[in-house]
Amino acid sequence: QLTIQSLRADQGHIMLEDMLETLVPILEQQHPNRTPRIVLLLDEMDKFASYGVHTHEQFRSFLQTRIGEYLKLVMAGSSVQRVSQMLTSPWFNLFEAIEIPELGPAAARQLVVEPVRGYYRYAPDALRLLLDRTDYKPCEIQRLGAKTVEAMLARVHTSGRTLDDSIAAEIDIQLDDALKAADQILLEKDGEFQELWARFNDDQRSALKSVQAGDGLIDTAVMRPDGRLFFEPEDLYNITRREGKYRRLTYMFSEWLKGV
């Protein structure tokens with residue numbers, strides 16, 4: 001058994017590189033005639049953009065070391081920005097971006113109801129609202145689902161009852177719970193949308209306003225570099241969902257855009 005000690009923030013990538021240098025020969029010995037692969041799973045990569053240039057340079061340097069040949073990285077984030085102040089080619093040029101598509105109706109419903117099965121139940125209208133306002137996006141379903149449960153628990157607590165002595169109908173997740181949670185999410189997203197809006201140029205903003213005032217559909221031709229308007233795919237992912245050859249503005253972004 002190999003024990004890997006935790007790294008302190010001030011130890012940097014050199015210590016991690018040394019630890020992996022120790023790990024690779026052990027894996028080679030345990031699995032002869034096979035090339036070891038060490039998979040690093042990095043979540044919240046959209047927060048990584050706020051780190052200093054030096055951190056980004058260290059990260060790229062680490063990926064290009066000899067030990068980097070044995071690494072496979074899977075990174076996840078809602079908006080991994082491809083903007084860099086590095087003097088050299090940035091680290092994200094080494095990766096392929098893959099969009100996680102919206103779920104189908106059955107899978108989306110399952111993601112809503114399964115985590116609370118045996119504890120709480122969704123009223124049909126609450127379930128429909130949650131699916132509609134998340135546009136079947138997995139991360140948005142989880143976010144609004146958690147907020148909706150919090151709203152339901154707050155309602156039961158305010159009523160003076162406990163979950164144990166409440167009647168079944170009272171601990172169902174009701175439409176009002178979902179509505180309150182959706183309103184809270186929209187308020188929380190204001191900062192995210194403001195930051196995104198600031199990155200768009202005047203033509204892009206005008207196009208989005210026109211789409212919002214119309215049928216909400218964007219022709220995918222405008223997304224391509226040779227199109228008359230080009231949006232970064234990671235930007236469009238956060239404000240649209242796929243609909244055939246088009247993309248439709250998400251409910252949350254469309255509602256926010258009404259106030260711009």
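No experiment lies behind these values; they were computed from the predicted model shown.
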One pair to check against side chain to side chain contact (heavy atoms under 4.5 Å, CB included): V39 and L71. What are the steps and the verdict? CA-CA 6 Å; V39 181; L71 289 177; over 6 Å; no
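- Judged as a side-chain contact (heavy atoms from CB on, under 4.5 Å), and not counting sequence neighbours, the contacts of Q142 are L111.
- Here the straight-line distance linking atom CG of L186 with atom CG of L144 works out to 11.0 Å at 0.5 Å rounding.
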Take Q30 and L27 through the test side chain to side chain contact (heavy atoms under 4.5 Å, CB included) and record every step on the way to the result. CA-CA 5 Å; Q30 292 178 343; L27 294 176; 4.0 Å; yes
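- To the nearest 0.5 angstrom, D43 atom CG is 11.5 Å from M75 atom CE.
- Inter-residue side-chain proximity for R199 and L196 is flagged as met; some heavy-atom pair is nearer than 4.5 Å.
- In summary, R155 and D176 do not engage in a salt bridge, as defined by a charged side-chain N under 4.0 Å from a carboxylate O.
- K147 places no side-chain N or O within 3.5 Å of a backbone atom of D177 that could act as its donor or acceptor partner.
- Here OH of Y122 is found 8.5 Å from CE of M152. Values are rounded to the nearest 0.5 Å.
- Both Y119 and V113 are members of a single hydrophobic cluster when ILVMFWY side chains are connected at heavy-atom separations under 4.5 Å.
- Atom CD1 of I239 sits about 8.0 Å away from atom CZ of F193, to the nearest 0.5 Å.
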Start with the C-alpha distance between Y120 and L153, add both sets of side-chain angles, then the distance that settles side chain to side chain contact (heavy atoms under 4.5 Å, CB included), and finish with yes or no. CA-CA 10 Å; Y120 318 118; L153 293 175; 3.6 Å; yes
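- L129 is not connected to V149 by any chain of hydrophobic side-chain contacts under 4.5 Å among Ile, Leu, Val, Met, Phe, Trp and Tyr, and they are in different clusters.
- Aromatic ring pairs are classed by plane angle as parallel below 30°, tilted from 30° to 60° and perpendicular above 60°; the pair F253 and W197 is tilted.
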Go through E114 and R109 one step at a time and tell me if the salt bridge (charged side-chain N to carboxylate O under 4.0 Å, His left out) criterion holds. CA-CA 8 Å; E114 286 301 324; R109 184 182 186 282; over 6 Å; no
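- At distances below 3.5 Å, not a single donor-acceptor pair connects side-chain atoms of D172 with backbone N or O atoms of Q174.
- Listed for the K209 side chain is a donor-acceptor partner under 3.5 Å among the backbone atoms of V260.
- Between the side chain of D190 and the backbone N or O of L187, no donor-acceptor pair lies under 3.5 Å.
- Counting non-hydrogen atoms of other residues, nucleotides and ligands closer than 6.0 Å to CZ of R37 gives a total above 12.
- Listed here is the closest heavy atom pair of R247 and T240: NE-OG1, 2.6 Å.
- Summarising the geometry, atom CD1 belonging to I173 is positioned 12.0 Å from atom CG belonging to D125; distances are rounded to the nearest 0.5 Å.
- Salt bridge present: E21 and R66 bring a charged side-chain N and a carboxylate O closer than 4.0 Å.
- Applying the ring-ring contact (aromatic ring centres under 6.0 Å, His included) criterion to F200, with sequence neighbours excluded, gives F231.
- For the pair P138 and P101, the tightest heavy-atom approach, listed with the atom from each and the gap, is CD-O, 4.0 Å.
- At a threshold of 4.5 Å between non-hydrogen side-chain atoms, the residues K189 and E140 count as touching.
- Of all the heavy atoms in A178 and A126, the pair that sits closest is CB-O, 4.1 Å.
- Salt bridge annotation for E192-R143: present, with a cationic side-chain nitrogen under 4.0 angstrom from a carboxylate oxygen.
- Cluster membership check: L175 does not share its hydrophobic cluster with V116, using side-chain heavy-atom separations under 4.5 Å among Ile, Leu, Val, Met, Phe, Trp and Tyr.
- Within the 4.5 Å cutoff, the side chain of V211 has no heavy atoms near those of the L217 side chain.
- The backbone N or O of D202 sits nowhere less than 3.5 Å from a side-chain atom of S206 that would complete a donor-acceptor pair.
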Would you please test I185 and M252 for side chain to side chain contact (heavy atoms under 4.5 Å, CB included) and show each step? CA-CA 9 Å; I185 291 290; M252 291 293 184; 4.0 Å; yes
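- Taking a cutoff of 4.0 Å between a charged side-chain nitrogen and a carboxylate oxygen, R133 and E255 do not qualify as a salt bridge.
- Partners of Y70 according to the ring-ring contact (aromatic ring centres under 6.0 Å, His included) rule, which considers only residues two or more places apart in sequence or in another chain, do not exist here.
- Here L131 contributes atom CG and I141 contributes atom CD1; the two are 6.0 Å apart, rounded to the nearest 0.5 Å.
- When side chains are defined from C-beta on, V74 does not count as touching L42, because their heavy atoms never get closer than 4.5 Å.
- Nearest heavy atoms, Y136 versus G104: CD2-O, 4.0 Å.
- Between E102 and R241, none of the side-chain N atoms (NZ, or NE/NH1/NH2) sits under 4.0 Å from a carboxylate O, so this pair counts as no salt bridge.
- Hydrophobic clustering (ILVMFWY, side-chain heavy atoms < 4.5 Å, transitive): L103 and V112 are in one cluster.
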